[in-house]
Chemist: 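My structure is below; once you've seen it, I'll send some questions.
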Amino acid sequence: MIRLERISKAYGNLEVLSNVSLEIKKNEIITIVGPSGAGKTTLLQIAGTLDRPDFGIISYDDQDIGAFNDKRLSEFRNRNIGFIFQFHQLLPEFTACENVAIPAMIGGTSRKKAMAKAAELLDMLGLSERLRHKPAQMSGGERQRAAIARALINEPKVIFADEPTGSLDSRNRDEICSIIADLRQRLGQTFVIVTHDPTITTIADRVVKMADGRIVSEENRRISPEELESVP
Ligand code: ADP
């Protein structure tokens, strides 16, 4: 569904990604693991069209998005890609429901329809009591569930997540993992997740290990937390 071919990226003299190729299949949960500075976040941002590579091709359903200008790319991103970050990045002055609805409104959906769909998603994620709460009135786990609802609202082809459980305690980490596994199962949602969290890796179909700007291994299986301990 998504193909990255020979992606390279440098910041000044620092080569951050070097000839990275990766194929993301529909309905797959991929985790990207590896030491800090390996280039994981940069790869995620490039795959998610938030940044452009110096060299290489990114295609979505065989459509080369490298040729898109910034406006077309941001429309494409709004329609096709969801994001979850380590820190929820909800807008503090808006309610949970408004935060979730915003990407749909940006995409041209009416406020009424967007708010109804946002409420439905928040309900599905167990937040029906929090629709009118602002982020400051919600717990860390609740905010992250709202961020997942926001990522889902435009029914994206893929959700990219960067350390989605990185700021949560273990109970909330487990909850977010089961939500992700459930969304893949029930909605066929595709996820690519940069993580250091062994629990997330247990729900992955594929574990991509990076080091020094390259993919050093890909494992097509579920990996146990004990095994992940041995990843440097
Ligand atoms: P990881 O997610 O694996 O920790 P990153 O992709 O965040 O790695 O970063 C890889 C390297 O690129 C790091 O050395 C980082 O300092 C550098 N880097 C990332 N973004 C920028 C930037 N915008 N400008 C300069 N250097 C950057």
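Read the numbers this way: they start at 1 and go in the same order the structure lists the ligands and their atoms.
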Chemist: Does some non-hydrogen atom of the protein lie less than 4.0 angstrom from atom 5 (P) of ligand 1?
Modeler: yes
Chemist: Look only at interatomic distance and state if Gly39 has a nitrogen or oxygen under 3.5 Å from any nitrogen or oxygen of ligand 1.
Modeler: yes
Chemist: Any carboxylate oxygen within less than 4.0 angstrom of a Lys/Arg side-chain nitrogen, looking at Glu163 and Lys40?
Modeler: no
Chemist: With salt bridge (Lys or Arg N to Asp or Glu O under 4.0 Å) as the criterion, how do Lys9 and Asp51 come out once you've worked through the C-alpha distance, each side chain's angles and the decisive distance to 0.1 Å?
Modeler: CA-CA 10 Å; Lys9 178 83 180 174; Asp51 199 357; 3.4 Å; yes
Chemist: Would you mind checking which non-hydrogen protein atom is closest to atom 23 (N) of ligand 1, with the distance to 0.1 Å?
Modeler: Tyr11 CE2, 3.5 Å
Chemist: Checking the side chain of Ser8 only, and the main-chain atoms of Asn19 only, is there a donor and an acceptor separated by less than 3.5 Å?
Modeler: yes
Chemist: Among all protein heavy atoms in this structure, tell me which lies nearest to atom 14 (O) of ligand 1, with the distance rounded to 0.1 Å.
Modeler: Leu14 CD2, 3.6 Å
Chemist: Minimum heavy-atom separation for Ile81 and Gly48, please, with both atom names.
Modeler: CD1-O, 3.7 Å
Chemist: Relative to the heavy atoms of Pro35, which atoms of ligand 1 are at a distance of less than 4.0 Å?
Modeler: 3 (O)
Chemist: Ignoring hydrogens, tell whether any protein atom lies closer than 4.0 Å to atom 10 (C) of ligand 1; use the non-hydrogen atoms only.
Modeler: yes
Chemist: Do Lys71 and Glu75 meet the salt-bridge criterion of a basic N to acidic O distance under 4.0 Å?
Modeler: yes
Chemist: Of the backbone atoms (N, CA, C, O) and the side-chain heavy atoms from C-beta on, which set of Val194 has a member under 4.0 Å from an atom of ligand 1: side chain, backbone, both, or neither?
Modeler: neither
Chemist: Give a yes or no on whether Glu93 atom CD has more than 12 heavy-atom contacts from other residues, nucleotides or ligands under 6.0 Å away.
Modeler: yes
Chemist: With a heavy-atom distance limit of 4.0 Å, tell me whether Val16 approaches ligand 1 through its side chain, its backbone, both, or neither.
Modeler: side chain
Chemist: Considering only protein heavy atoms, which is closest to atom 7 (O) of ligand 1, and at what distance to one decimal place?
Modeler: Thr41 CB, 3.6 Å
Chemist: At less than 4.0 angstrom from any non-hydrogen atom of Ser36, what atoms of ligand 1 do you find?
Modeler: 4 (O)
Chemist: Does the distance from a Lys or Arg side-chain N to an Asp or Glu carboxylate O, for Arg111 and Glu98, drop under 4.0 Å?
Modeler: yes
